[in-house]
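Read the numbers this way: they start at 1 and go in the same order the structure lists the ligands and their atoms. Numbers here are sequence positions counted from 1.
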Amino acid sequence: MRVHRPWHLILVMIALASATGVLAADPADIDGLLTMTGATLEWDEFTRTGILWGASTSIGFTPDDPVAVDGFVDLFRVDPIVYARGRLLVPDATRAAFAERLGVTGDALRVRPIKAIVIDPGHGGRDPGANRTVTVDGKSVVVTEKDLVLDIGIRLRDALRGLVAGPEIHLSRETDVYMTLGERTEFANSLREHPLDNILFVSIHVNASPQPWTDARGVEIYYLPPSQRRQVLEPEVAAGLEPGVMAILNDLKEEEYTVESVLMGQAVLNAISERLPQTPVERGVNVANFFVVREARMPSILVETGFINNREDLAKLMTPTYRQQLADAIALGIARYVRDFESVR
Ligand SMILES: [Zn+2]
């Protein structure tokens, strides 16, 4: 017996169901999830990875991947998100699972505040760093980088404590002691009690060029080049992940750290240029592969406070008043960065 189905009616019903979102299998644009939760989306078109920043956690995802990551730590299975014609389409079940984890943004903090700031005066003890011998009042004096940066570091710590109330401010060394680079970054990394704790690392140095004296002068700030691969996930987190998933997560975290490092570096440079107009800042914020910048698993910058083998820079760096002004300006830049970081997301 031949059955005549009312095809035209069924088609109309399907069209209506689609239009009203009744069909369970119909994935919806991610905008709905953002509206529902108040979360913000960080989407990287190049790596095709996304992070949703919600009230209570973040969720990392990759289209077509059946695994998402809560708070850079917990993996959970999802119906994969589809990326098509510039739109991220989220299946119903995934939308519900994400919404539950992200929470709803009300007055809740959408990003954890900065937990700690580590100021790292370079060198120390048997490692003097760069040095020059100058004549002061007819006497020969050896000026060392390790002494200059320790003094600036202590002033910077005290200035920062006056400007930011939330974060703990630590020095990697408070006296003239030798520390390996690894000890400095291990100390900073050890301050993280929760994988989402935000910590900043600021290394203080004095520049030197190969020639005895130079015309090069002024402040210069370094951060890690984005092309430099490094592991920024906490080892105990990374150990529990499949290599493929770990690589994606690591990239997300690493890109975040690079962006934050540049923003912090720029804020510091701007504050110096504003407060100390006589100090050249044209050397700018640059990429470099310094160990301390690379090994601290957090946004990190290295501030070269001037050239020890430039006579103008050295004369200023030898003056306590200038070291205080410089510390105040760096502190102002960091404080502005902290304020922006804690309020923007
Ligand atoms: Zn140095």
_Among Glu282, Glu304, Glu312, the one residue meeting salt bridge (Lys or Arg N to Asp or Glu O under 4.0 Å) with Arg217_ = Glu312
*asked:* What is the name of the N/O/S atom of Glu145 that is nearest to the Zn ion (ligand 1)?
replied: OE2
_Of all N/O/S atoms in His205, the name of the one nearest the Zn ion (ligand 1)_ = ND1
*Any side-chain heavy-atom pair from Val67 and Phe76 closer than 4.5 angstrom?*
no
*Side-chain contact test, heavy atoms from C-beta onward, threshold under 4.5 Å: evaluate it for Asn131 versus Pro128 and give yes or no.*
yes
_Between Glu304 and the Zn ion (ligand 1), is there a contact where an N/O/S atom of the residue lies under 2.8 Å from the metal?_
no
*Strictly under 6.0 Å, is that where the ring centroids of Trp213 and Phe307 end up?*
no
